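Worksheet: one structure, shown below.
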Amino acid sequence: MNEKQIRRSIAILPVSSTAKLTGLTPRQLRYYEKFGLVHPCRSQGNQRLYSLNDIDRLLDIKEYLDSKMTMAEVKRVLSKHSYADKAHQTNLSDSAARKIFSNEMLRIGRWNTHDSNNIY
DNA sequence: ATTCTGACA
DNA sequence: TGTCAGTA
């Protein structure tokens, strides 16, 4: 892992900043975490701390949700890609992964146009 | 001042 | 999902 990736994985953003950057509400950020879509680090005071990779992931989650996917579907799609589930050192953010995300989103988006409740 | 968890007149 | 409560 190069320095750029390491820096991207450094978690320092509080919920307020993360909410501003993603367009999501703190309520949603906490809900998504409880559901297992994201795993932000915690400060010594138990405060959530998001990294740039988390922001990137959250933006993708937002897109998937907007395309009418359920959180369970989003979770399954995201689990196919690399992203440290429990720890926080291995994250993704390259163009290759983005391309896959984009295709998945369009494909499932089309599915939902025909069948709104089909598990991927 | 901010965030956290749990809960719902 | 919003929001209020009681903390840390």
Side-chain angles (χ1 to χ4, degrees):
Chain A
M1 174 187 290
N2 60 51
E3 183 181 314
K4 196 186 292 183
Q5 297 178 307
I6 293 175
R7 292 191 182 295
R8 246 195 277 278
S9 70
I10 297 176
I12 51 176
L13 291 57
V15 287
S16 56
S17 303
T18 304
K20 180 87 71 176
L21 258 30
T22 62
L24 295 169
T25 65
R27 174 79 172 75
Q28 292 176 298
L29 294 174
R30 293 166 187 137
Y31 184 51
Y32 296 166
E33 179 183 0
K34 182 191 293 180
F35 200 81
L37 259 35
V38 288
H39 316 88
C41 295
R42 291 298 182 120
S43 67
Q44 297 191 325
N46 195 43
Q47 309 286 291
R48 267 167 266 259
L49 294 178
Y50 298 84
S51 68
L52 294 181
N53 281 320
D54 289 326
I55 300 299
D56 209 55
R57 186 185 176 81
L58 284 167
L59 289 174
D60 285 334
I61 290 173
K62 197 173 102 173
E63 293 186 322
Y64 285 121
L65 260 27
D66 284 337
S67 70
K68 307 307 179 186
M69 272 189 253
T70 64
M71 285 178 68
E73 294 172 328
V74 174
K75 185 175 183 179
R76 181 157 188 177
V77 173
L78 261 43
S79 69
K80 287 180 173 298
H81 305 295
S82 60
Y83 169 83
D85 277 315
K86 299 186 176 181
H88 235 279
Q89 298 309 299
T90 307
N91 285 315
L92 77 169
S93 183
D94 56 78
S95 58
R98 284 183 161 296
K99 188 169 185 177
I100 294 175
F101 272 130
S102 182
N103 292 326
E104 288 290 351
M105 185 179 85
L106 290 175
R107 185 155 64 80
I108 296 178
R110 278 194 290 278
W111 283 16
N112 285 299
T113 297
H114 302 163
D115 190 335
S116 62
N117 58 357
N118 213 320
I119 302 302
Y120 172 55

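The sequence lines fix the lettering, A, B, ..., with proteins before strands; numbering per chain opens at 1. What you see is a predicted model, and the numbers here were worked out from it, not measured in a lab.
No side-chain heavy atom of A/P14 sits less than 4.5 Å from a side-chain heavy atom of A/Q47. Using a 4.5 Å cut-off on side-chain heavy atoms (C-beta onward), A/L59 and A/T22 make contact. Proximity of A/D66 to A/E63: side-chain heavy atoms (C-beta onward) are nowhere separated by under 4.5 Å.
In DNA chain B, stems built from 3 or more consecutive Watson-Crick or G-U wobble pairs, each with both distances under 3.5 Å, span B:4-8 with C:2-6.
In plain terms, the two heavy atoms of A/L29 and A/V15 that are nearest each other are CD1-O, 3.9 Å.
With rounding to the nearest 0.5 Å, the separation of CG in A/N53 from CG in A/L58 is 11.0 Å. In this structure, the separation between CZ on A/R76 and OH on A/Y64 is 14.0 Å, given to the nearest 0.5 Å.
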What does nucleotides 3-9 of chain B look like as a protein-contact string, B for base, S for sugar-phosphate only, - for none, at under 4.0 angstrom between heavy atoms? SSB----

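Crowding of A/R42 atom CZ: a count of heavy atoms from other residues, nucleotides or ligands under 6.0 Å exceeding 12.
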